[in-house]
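Heads up: the structure comes next, in structure tokens.
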Amino acid sequence: MKKRKSGFTRITTSLICTAVLFGCSNGTESKEADSSQTKAESLSTIGNQKIIDVINKKVTYDKDDLYSDWKSENYTSIQLNGTSANAEGDGEIQIDGSTITIKTAGIYVLSGKLNDGQINIDTEDKGAVRLVLNGANITSSDNASIYVKNVEKTVISLQKGTENHLSDGEKYVYEDSSEDEPDSAIFSKADLTINGSGKLIVKGNYNNGIASKDELRITGGNIQIDAADDGLIGRDLLAVKEGSVTINAGGDGIKSTNDKDSSKGAIAIEGGTFNIKAVNDGIQAETSLLIADGDFTIFSGGGSPETIANREGNMPRPGQEQDKGNTTTTSTDTETESAKGLKAAVEVAIGGGTLEIDSSDDAVHSNNSITITDGNLNIASGDDGIHADSSILTKGGNIKVTKSYEGIESKAITIAEGNIHVNASDDGINIGGGNDGSGMDMQADAKDSLLTISGGYVYVNSQGDGLDSNGSISMTDGTVVVSGPTMNGNGSLDYDQSFEMSGGFLIATGSSGMAQASSEESTQNSVLMTFSETKSAGTVVHLEDSEGNGIVTFNPEKDYQSVFISSPKLKKDTSYTLYSEGSSTGNEKDGLYTDGDYQDGTKVVEFKISDSVTWLDESGITTAKSEFGPGGMGNPGDRPARPEGGTPPDDMFGDLDDETKEKMQAIMEKERAGTITSEEAQAQLKELGIEFPGRK
């Protein structure tokens with residue numbers, strides 16, 4: 001929900017294309033459209049590229065990143081014997097009790113158990129060190145179990161069929177008290193790669209599980225991490241090609257941390273299996289989070305609550321203001337923990353895979369843009385299902401938001417392809433923008449606040465507004481089904497500037513108090529029917545032409561009093577009949593029937609379409625009238641309005657006595673007539689003790 005803005009800005013086709021990250025679907029080839037496309041693509045580095053191609057440009061894998069058989073090469077064997085070790089081979093090793101220091105590049109094979117010790121890599125030559133964990137168990141009571149101090153690169157290979165254990169102490173003792181590193185069970189100051197097919201069990205008792213201050217790559221292995229804070233950390237890059245990763249983290253599950261260089265700090269995942277349970281974010285990238293494939297199960301912040309309240313007024317949401325790192329600073333200068341499923345400061349891009357996300361905060365979040373080209377997302381969130389401060393683009397995939405406060409939210413949303421299902425306790429799809437402000441960015445330029453639907457299938461079940469835009473909506477193709485609010489303070493469609501329909505199919509049912517139709521400038525015809533009484537859920541509504549050809553048969557999931565229908569089948573100067581009740585023999589999906597026969601219905605109204613928007617009630621065609629209500633609740637400019645004769649429904653102000661209702665009506669009529677301003681009307685209503693239902 002949001003506050004409405006006054007004024008009207010005509011959004012042309014070329015401007016609407018600014019929301020599209022890869023061009024418009026209506027065939028516009030003007031210079032203006034080309035310019036808009038370029039501007040929109042600048043919001044994301046993805047554009048028309050495949051996510052895997054973007055990853056391949058960012059991430060390279062050397063030969064030694066991939067597992068090879070060490071037995072055919074020269075290697076040094078290190079047998080761990082409790083409090084000491086024996087070494088055999090050409091590698092230079094220093095053994096000081098239970099501290100084993102590797103001084104030269106090469107292959108080192110570790111077996112056995114080391115009690116309260118450390119493997120320290122501090123080479124004096126150039127080249128990589130490869131540690132083969134061949135059934136190794138290493139513990140430390142006061143430091144990292146493996147500490148990569150100085151080397152060009154380290155590769156940890158997990159030997160097939162082996163189980164390896166690494167753990168650190170709950171408190172560290174540093175040689176230099178001014179230092180605070182290492183801080184992880186496996187800690188590397190250089191590039192680190194993990195490969196192989198064996199098992200690695202890491203217990204990060206002090207802080208983190210596995211951390212690299214440069215780049216961390218995983219190309220195989222079964223890795224299990226239990227960490228007091230973060231599970232996996234790659235400062236400059238964290239890349240996963242394949243493998244199985246299970247994390248139980250007291251902080252973030254997987255993260256990158258370089259916030260000084262915009263070309264670094266990315267997380268790139270090509271495949272693998274991930275099971276992440278995190279107190280904070282599941283996966284958090286300082287710049288880009290790129291997922292091409294993989295199977296993900298993410299449970300963050302304790303997961304979504306059983307029920308999500310519709311927050312009224314200015315009640316804070318998780319992460320409402322500036323969201324950076326692991327804390328969120330709100331307007332009251334308090335900090336709350338970030339507990340999102342997927343999060344990135346610059347962009348999140350998903351090109352495939354299966355993602356099951358259950359989060360107390362946003363399930364998928366970006367401080368800038370989100371692009372989804374493919375994949376299966378099943379999301380339950382205590383806040384937004386998918387949120388980006390600047391833009392969201394869907395070009396494919398199956399997205400199911402089973403639970404959320406707001407389903408999908410951004411300043412600009414483009415749905416080009418994909419199968420999307422949204423369940424929301426507030427707005428289903430919201431054009432608001434900003435830092436999780438739920439449309440609080442009142443200074444935003446309305447022409448940049450756009451919902452563009454150019455294809456795909458969208459189903460929205462919302463307690464708040466169904467499709468909600470602080471700016472405008474454009475629909476050129478696709479199918480949209482909205483099961484909107486039952487309360488009159490919200491509408492199944494809600495926009496502040498314009499809604500131009502030029503193609504596609506849309507049906508939206510819900511309450512009547514805030515019901516809107518598409519703009520009169522639309523080239524595709526629409527119908528908005530308002531019933532005199534609320535219809536019960538399951539009461540079929542059917543529209544057909546004068547020859548009995550069905551336009552739509554719909555079985556709403558919830559109670560409703562208004563029905564908006566826009567279809568390419570609706571033709572000017574053609575007669576239609578609207579029916580209620582009855583049944584259909586067709587196939588049903590989300591209440592929408594295809595094929596089959598409609599039968600046993602009751603005729604409600606006959607009418608002929610003469611305008612782009614036809615307003616109906618049981619008596620026939622009526623005219624639009626400005627929306628009731630002061631304080632920006634009126635009809636800005638040419639914005640489509642409520643049908644003639646509409647007044648605030650009784651259930652909206654049911655607690656008021658008759659005298660107060662009459663006074664309220666008088667104030668609202670003065671505001672409509674222009675004899676008092678909206679601000680004066682608000683003040684007078686407040687004196688009566690009335691806070692007019694509006695937007696946050």
> How far apart are the C-alpha atoms of S518 and S566, what are their side-chain angles, what is the distance that settles it, and do they pass the side chain to side chain donor-acceptor pair (under 3.5 Å) test?
Replying inline: CA-CA 8 Å; S518 56; S566 183; 5.4 Å; no

> Does the side-chain contact (heavy atoms from CB on, under 4.5 Å) test come out yes or no for I621 and T614, once each step is laid out?
Replying inline: CA-CA 7 Å; I621 295 176; T614 301; 4.0 Å; yes

> Under the side chain to side chain donor-acceptor pair (under 3.5 Å) test, which residues partner D559, sequence neighbours left out?
Replying inline: none

>> Please check this pair: side chain of S567 against backbone of K569, looking for a donor-acceptor N/O pair closer than 3.5 Å.
In response: yes

>> My understanding is that only one of I357, V422, I372 makes a side-chain contact (heavy atoms from CB on, under 4.5 Å) with I386; could you say which?
In response: I372

>> Do Q516 and F564 have side chains that approach each other closer than 4.5 Å (heavy atoms only, starting at C-beta)?
In response: no

> How long is the gap from OG on S425 to CD on E406, to the nearest 0.5 Å?
Replying inline: 8.0 Å

>> Rounded at 0.5 Å granularity, tell me how far CE in M529 sits from OG1 in T509.
In response: 13.5 Å

> By ring pair (Phe, Tyr, Trp, His ring centres under 6.0 Å), which residues pair with Y459, not counting sequence neighbours?
Replying inline: H421

>> To the nearest 0.5 Å, what is the distance between OH on Y405 and NE2 on H387?
In response: 12.5 Å

> Mind checking whether S612 and E521 have side chains closer than 4.5 Å, heavy atoms only?
Replying inline: no

> Hey, does T539 have a side-chain heavy atom less than 4.5 Å from the side chain of S580?
Replying inline: yes

> Do you know which two heavy atoms are closest between S449 and S469, and how far apart they sit?
Replying inline: O-OG, 3.6 Å

> Is any side-chain heavy atom of E409 less than 4.5 Å from a side-chain heavy atom of D427?
Replying inline: no

>> Between T553 and S584, do the side chains contain a donor N or O and an acceptor N or O under 3.5 Å apart?
In response: no

>> On a heavy-atom basis, which atom in A508 and which in S492 lie closest, and how many Å separate them?
In response: CB-OG, 3.6 Å

> Less than 4.5 Å apart, any side-chain heavy atom of K535 and any of P556?
Replying inline: no

>> Could you go through K571 and Y576, starting from their C-alpha distance and side-chain angles, then the distance that decides it, and tell me whether this counts as side-chain contact (heavy atoms from CB on, under 4.5 Å)?
In response: CA-CA 10 Å; K571 305 299 182 183; Y576 298 90; 3.8 Å; yes

> Are any side-chain N or O atoms of S404 and backbone N or O atoms of G385, one a donor and one an acceptor, separated by less than 3.5 Å?
Replying inline: no

> Backbone N or O of D383 within a donor-acceptor pair of the D362 side chain at under 3.5 Å?
Replying inline: no

>> I need the single residue from T373, T414, I415 that forms a side-chain contact (heavy atoms from CB on, under 4.5 Å) with L393. Which is it?
In response: T414

>> How close do N470 and D496 get, counting heavy atoms only, and between which atoms?
In response: O-CB, 3.2 Å

> Taking everything shown except K589 itself, do over 12 heavy atoms lie less than 6.0 Å from its NZ?
Replying inline: yes

> Do you know which two heavy atoms are closest between S562 and A515, and how far apart they sit?
Replying inline: OG-CB, 3.8 Å

>> Quick check for you: to the nearest 0.5 Å, what is the distance between I413 atom CD1 and T394 atom OG1?
In response: 9.0 Å

> Side chains of I453 and L506: closer than 4.5 Å at any heavy-atom pair?
Replying inline: no

Residues 595-604 side chain polar contacts: donor-acceptor under 3.5 Å, at least two apart:
| residue | atom | partner | partner atom | Å |
| --- | --- | --- | --- | --- |
| Y598 | OH | E581 | O | 2.6 |
| K603 | NZ | E606 | OE2 | 2.7 |

> At their closest point, which heavy atom of S410 faces which heavy atom of D389, and how far apart are they?
Replying inline: OG-C, 4.0 Å

>> Going by side-chain hydrogen bond (donor to acceptor under 3.5 Å, both in side chains), Q561 matches just one of S532, S512, S511. Which one?
In response: S512

> Which heavy atom of P305 sits nearest a heavy atom of G382, and at what distance?
Replying inline: CD-CA, 3.6 Å

> When rounded to the nearest 0.5 angstrom, what distance separates CG in L543 from CZ in F607?
Replying inline: 5.0 Å

> Taking atom CG of N430 and atom CG of L467, what is their separation to the nearest 0.5 Å?
Replying inline: 10.5 Å

>> If you apply the rule side chain to side chain donor-acceptor pair (under 3.5 Å), what do you find for E557 with S483, and how did you get there?
In response: CA-CA 7 Å; E557 182 176 346; S483 177; 4.6 Å; no

> Taking the side chain from S522 and the backbone from Q524, do they hold a donor-acceptor pair closer than 3.5 Å?
Replying inline: no

> Mind checking whether Y560 and K558 have side chains closer than 4.5 Å, heavy atoms only?
Replying inline: no

>> Go through it in stages, so that I can follow the logic: the residues are Y495 and I431, the test is side-chain contact (heavy atoms from CB on, under 4.5 Å), and I'd like the CA-CA distance, side-chain angles, deciding distance and then a yes or no.
In response: CA-CA 9 Å; Y495 58 94; I431 301 298; over 6 Å; no

>> With side-chain contact (heavy atoms from CB on, under 4.5 Å) as the criterion, how do L592 and D590 come out once you've worked through the C-alpha distance, each side chain's angles and the decisive distance to 0.1 Å?
In response: CA-CA 6 Å; L592 190 63; D590 299 322; 5.6 Å; no

> Is it the case that N587 and T594 place a side-chain donor and acceptor less than 3.5 Å from each other?
Replying inline: no

> How about T574 and I609: do any of their side-chain heavy atoms sit closer than 4.5 Å?
Replying inline: no

